[in-house]
Every structure is written in structure tokens, then in C-alpha cells.
Amino acid sequence: MTDATETPKTLRDRLALILAGGLGLFVLYTSFFGAFESLIQRSIFVSVIGVLGFVMFPLGAGKRWRPLGLALDFLMAAVLVAACVYIVVNFDRIMTELPWAQPHEMALGGAAVLIVLELSRRVTKSLLFPCIVLLSLAYALLGHWIPGDFGHRGFDIGYLTEVVYLSDRGLWGLLVNVASTTLAAFVLFGAMLLHTGAGQTFYDLSARAGGKATGGAAKIATIASGLFGSINGSTVANVATTGNFTIPLMKRLRYPNSFAGAVEAVASTGGQLAPPIMGTAAFVMAELVNINYWEIALAAVLPAFLFYLSVLMTVHHVAKRRSLGQVDAEELPDWRQALNWHRMAPIIAAILGLALGIVQGRSIALTACYGMIGMMGTSIAVQLITGRGWRGAAQILWRSLVDGGRGVVTVGVLLVAAQVFVGVLNLTGFGVAATTMILQGAGGEIFAVAAIMAVVCLIAGMGLPTSAAYVLVAAVFAPALIQQGLEPLVVHFFVLYYATLSVITPPVCVGVFVAAAIAKAPWVEVAGQAVRLAATVYVLPMLFLIYPGMLAQGGIEEIVLAALTGVLFCLSAASLLSGRAVLGMGPYSAPLWLLPAGLALVPEWSTTLAALGVFAVFELGGRMMARRLVVGTDR
């Protein structure tokens, strides 16, 4: 597939550019002027991403039987478009009459579902996700044959068609609404941000911030991956993008290959948990929890900070113990280069545009559009001032639209398929039965329920993109914790974190696979190092249950207590995981760091202050002893 910056060489490349650019324009138009009527907006969106999906992920590409694949692609694209056009034409009848499904509607609906699932297979390069959705459909049809709590009365194909195809609960449901409006707008916003210079700015700022420190190359990778990931929201894409220059940099400075790959994989995973995009999960969560997106973005700030604090400090202590070098000063950009006004001006304009939308109380999509307008207006001015003219500005806009359109396809297809799954499960009551089973198995103990859910999330998310994994797990298992009296926002963040961490959790750890390939290291070794680096983060969601203030819930006192506790826990755990000695007593004293970490887990001011005191003694005492050792050596 030709990049947006390259000249298209084939008819498929030209078609992909036109369709992606057209999808970008559709997103920009509906973001500014408002979306069309619900089913019309969503069916148009599904038809465009469907056709573009077949162009981007062709069947049998590079193989001798590609002509057959081309014919099948054309046929499936035509049927999907026909199914979507049927919804647009019959919109009024569907919304007012709630029609009984006719044979031709059953055929169109069934074909549309199968085609979407085939596209999800191509996007994920796995049969796992489409098979899960197919199993849910089979469960809806055959539930009357299933004994026990998971059995139900069963639904015929006609009724299932009415739910999945002729209503807003299936193919055209709430998740598709999110994908076609707010999510698409922010994906396009991210593409514009990167094309107007944010990408190089992020790397330069990361290099300046971490390059001169102990373990400088690993810190550059961590900071850069976090900044990139907060925009693109995909672990695999993040590893493939930033990893291609951070991993070789670490290897050149004699970092172990497996350690270099692990740092990149873990840091890129955190990008999916950092505002504003959060791997697209923030927008989905807003719909599922019925909470304003900006509240979710605010709630994500402290956990994301703690994630990167734990990774950076673990990297720091490991690098110090192993004497891993910093980056040479001549290889680092100076501050003038890092803060180049040509690249900073569009970023500042984008932030101001977002701020304007928030202050005026605009919709999320329109707020993102304000940011894009400010960004592109400033970019055009920069192009004119620097002599590149209107042509340069037009190229940046077109590349942004194309890359944004392509980015929307991947997550859009997955959310359409996920909506079918959610709609069917809500119909059958599977979530209620699963909740009952978990509560009975855990004996009603909240942390036993949480432990079971954490394992389920890690397993269910393996091999799936974050948004799909989050939706699948949240739809089935989140009610189990909500029924224990926890706030829905806390529970959904709990689920999201574990679903995200599945990307680096063996045995199916896609982010690790990509990082290992770049680092030229065995993936098992990279996975082991990644789990070690992220060990603190595996505990972090449990802290959400103990300290809801970590998610900006409660008053100022609760939030301050949660922040202080989180910082103490992350710093203590980083020292423990890196084998850092306590008070110069040698590596066997490292388990003593469990004391402040354990005290931080008790939700009381007294224990938190005790943890602070113990940590201060260990930290300051260790530094004083190290200084005396250095002085004694000099003598």
C-alpha cells in the first residue's frame, strides 16, 4: 500500500488514496456541520470503511489466485454497500414502523455481518475476534438447547435480523456512532498533528528531556513512545514507528537486545492509556458508562503519569546498576531545534482550538474540529511564511486526510463487529449469567472478584486490539464489579488497563512480537523483560479499587491521598523490581522495598505517611551512604 507521501503506482493505490481522503473529508464535514440522522450517518460510514477496508487489505495479495480474490473483494464490497444503501433508503420506515424482517432483509443483514467479520479478520490478521462474534450469534440462535443459567429461550433468524440489522442495537449501534463521529474526529486530529510537525517535535523533546540522564536512550524511548502513543493510540503502530529508531539507538549504546525491545513495547503500551485518544477506548467508555468524554480524559491523567513514572524509574535503576550509558551530547538536538516555531505553532494552535471548544461547551467532534481548524490555519501560515506556498499546505492537508481516513478504517471495522457482539449479548442476558457465576465463585469478596476479572481480561485481550478487547470484556464482566458497589468509571478503567496489558502479556503478546523483531531478540526474553518492567502497572488497576481518587473521584483530600500513595508505591516497586539495595546492604536487601510499597496499599493517611517516612529513610540514607563511599574511595 502506497504511503500518503508517495505517488500512487497502481489503480488500487489510487483508489485507496481517493477513498481514504474522501473518508477524511466526510469526518471533517460531519465534525463541523454535525452528523446526519443516526442510521444514515452510521450506514454511510460503514459502507465507506468497508470498501476502503477491502482496498487496504486485499484478499490473496501477491499470490497467483489474486484475480479470484479481487472478484470476491468486489462482490463483498458491492453487497455491503447495497446493505448500507438499503438502510439509508428505508430509514424512515425502520425508525417509525419497527418492521418485521423479510427474507431479503435477512439475506442482506446476514451477508453484512459476515462481510464485516471477514474485514475484522483481515484487520486483526487473526480468526479469534470474528470467531468470538460468530459464537455469540450461535449462542443467540441455539440458547434454548443450553441447560443451566446460561440457557435462554432462543431467538430465530428473523428476530435476530431485526435486532442486528433493522435497529440501532446491532450493526448501527452506539459503538458505531462513536466510531463515526467523536473517535473518527480525534483520529483525524492526531493525523493532522503528526503531519504538521508534532512527530519530530515529540522526539526532539524526548531526547532533550531524557538523553543526558542515566539510561538516556531507554528514557528517550519511554517518553517518545508515550507522546506518540497518546496520539495514535495503538501499541503495535507505536512500536513499529518509534521502535525503528529508539531500539537501534539503545542497541548501539550496548543495551541488551531483549531489554531494548521490552522498554519500547512497555512504553508504547502506555500510550493507549494516556489522554487524549487512549487507544480509542476513551470514546467507547464515554458511551458505555454514559459519562462525558472530558471527565474520562481527566480521570486518565494520574494513572498515565504513574504508569510512566514506574517505567522510567525502573529503567533508571536498572541502567544505573548495569552502567548503561547515556546519549552523547552531539547526538541530541538543542532546545532551539526542539522548540522550532515552525513545528510548535500548529501544536499550540491545536491546543487553543481544543480549549475554545471546551470553554464553549461544544460537542467532542466539534471541539476536535476547532483544533484541526486552528492547526491547519497556522500550518498554512507557516508554509506561506517559509516560502513553501499553498502547494505545501495543500499537501499537508491531503496527507492528513488520507492517513486519518486509513486510521479510522482499522478501529471502525473492529467497533462495528464489536457492536454486533454487544447487541447480541445484551439480547441473550449472557452478561447477567456470567456476573452471577463470578460472584458465586468469588464468594462475594470484592478482591477475589477483581482477581478473577483481571485474569479474564488478560486472557480475553490476547491477540486483540485494545478497543475490541475492552468492549468484549466490559460487556460481559464489568457488571460483576459494579454489583459490588463500585463506581462504573472505576470498574471500566480497571477492565481497560488489564485488557491493554494483554498486549505485552505472554504467550500472545503482539506488541512484544513486533519489538522483538526490530531488536532481533527472542520474543520470550523480550516478554520476560517487559513483564518485569511493567510489573508495577499490573498492580495499578487494583489501586483504583482502593483509591478511587486516582481517577479524580471524590474530594481534594481523596485525590491528594491517592496521588501521594500512587507515587510512593510506584517508586518503591521500581526499586524492588530493579534489585536496588537498601542502605548499602547489598542486592539481597532489595525485598525491604516491599515495606513502603505494602504500607502504601492501606487506604489511610497514617499508613501513607508511614510509607513516606520509610521510603525517605531508605532513599536519603542510601544516598548519604553512597556519598560517604565515594568520599572514602577518593581518599
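Remember, it's a predicted structure, so these values are computed and weren't measured experimentally. Throughout, numbering of the chain's residues begins at 1 and tracks the sequence.
When the ring pair (Phe, Tyr, Trp, His ring centres under 6.0 Å) test is applied to F447, no partner is found at least two apart in sequence or on another chain. Applying the ring pair (Phe, Tyr, Trp, His ring centres under 6.0 Å) criterion to F150, with sequence neighbours excluded, gives F430. For R169, there are no salt bridge (charged side-chain N to carboxylate O under 4.0 Å, His left out) partners two or more places apart in sequence or in a different chain.
Judged by distance alone, with hydrogens and angles left aside, the side-chain atoms of E162 form a donor-acceptor pair with the main-chain N or O of A101 at under 3.5 Å. Looking only at distances, a side-chain donor or acceptor of T428 sits under 3.5 Å from a matching main-chain atom of L425. The main-chain N or O of S180 is found under 3.5 Å from a side-chain atom of Q41 such that the two form a donor-acceptor pair. Without hydrogens or angle criteria, T410 side chain to G407 main chain gives no donor-acceptor distance under 3.5 Å. Between the R153 side chain and the H144 main chain, no donor and acceptor come within less than 3.5 Å of each other.
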>> side chain to side chain contact (heavy atoms under 4.5 Å, CB included) for F155 and L141? Distances and angles first, verdict last.
In response: CA-CA 5 Å; F155 302 93; L141 291 169; 5.7 Å; no
>> Could you walk me through whether V266 and V537 satisfy the side chain to side chain contact (heavy atoms under 4.5 Å, CB included) test, starting with their C-alpha distance in whole Å, then the side-chain angles of each, then the deciding distance to 0.1 Å, before giving a yes or no?
In response: CA-CA 10 Å; V266 173; V537 186; 5.8 Å; no
> Taking it one step at a time, do L427 and Y159 satisfy side chain to side chain contact (heavy atoms under 4.5 Å, CB included)?
Replying inline: CA-CA 11 Å; L427 177 68; Y159 187 73; 3.6 Å; yes
> Could you walk me through whether L551 and L302 pass the side chain to side chain contact (heavy atoms under 4.5 Å, CB included) check?
Replying inline: CA-CA 7 Å; L551 300 171; L302 180 55; over 6 Å; no
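In this structure, CZ on R121 lies 11.0 Å from CZ on F57, to the nearest 0.5 angstrom. The CD atom of Q102 lies 12.0 Å from the CG atom of L108; values are rounded to the nearest 0.5 Å. A distance of 12.5 Å separates CD1 in I44 from CD1 in I49, rounded to the nearest 0.5 Å. Distance CG/L540 to CZ/F494: 11.0 Å, rounded to 0.5 Å. To the nearest 0.5 Å, atoms CG (L17) and CG (L52) are separated by 10.0 Å. Note that CG of L28 and SG of C369 are 5.0 Å apart. Values are rounded to the nearest 0.5 Å.
Within the 4.5 Å cutoff, the side chain of L171 has no heavy atoms near those of the V46 side chain. The shortest distance between side-chain heavy atoms of L298 and W294 does not fall below 4.5 Å. F26 places none of its side-chain heavy atoms less than 4.5 Å from the side chain of V48. The closest side-chain heavy-atom distance from L134 to L114 is below 4.5 Å. The closest side-chain heavy-atom distance from L273 to L496 is below 4.5 Å. At least one side-chain heavy atom of V284 sits under 4.5 Å from a side-chain heavy atom of L175.
Remark: R12 does not engage D73 in a salt bridge, criterion side-chain N to carboxylate O under 4.0 Å.
Counting heavy-atom neighbours within 6.0 Å of I546 CD1, excluding the residue itself, gives a total above 12. When the shell of 6.0 Å around CD of E487 is examined, it contains 12 or fewer heavy atoms from other residues, nucleotides or ligands.
Ring centroid separation for the pair F189 and F186 comes in under the 6.0 Å cut-off.
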Solution key, residues 503-513 side-chain donor-acceptor pairs under 3.5 Å, sequence neighbours excluded:
| from | atom 1 | to | atom 2 | distance (Å) |
| --- | --- | --- | --- | --- |
| T505 | OG1 | L501 | O | 2.7 |
| T505 | OG1 | Y538 | OH | 2.7 |

Can you give me every donor-acceptor pair (side chain of residues 74-93, partner residue at least two apart or in another chain, under 3.5 Å) with its distance?
| from | atom 1 | to | atom 2 | distance (Å) |
| --- | --- | --- | --- | --- |
| Y86 | OH | R93 | NH2 | 3.2 |
| Y86 | OH | H104 | NE2 | 3.0 |
| Y86 | OH | E105 | OE2 | 2.6 |
| N90 | ND2 | Y86 | O | 2.8 |
| R93 | NH2 | E105 | OE2 | 2.7 |

Identify each donor-acceptor pair in which a side-chain atom of residues 469-481 lies under 3.5 Å from a protein atom, sequence neighbours left out, and give them as a table.
| from | atom 1 | to | atom 2 | distance (Å) |
| --- | --- | --- | --- | --- |
| Y470 | OH | H492 | ND1 | 2.7 |

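Between Y165 and W172, the ring-plane angle classifies as tilted under the 30° and 60° cut-offs.
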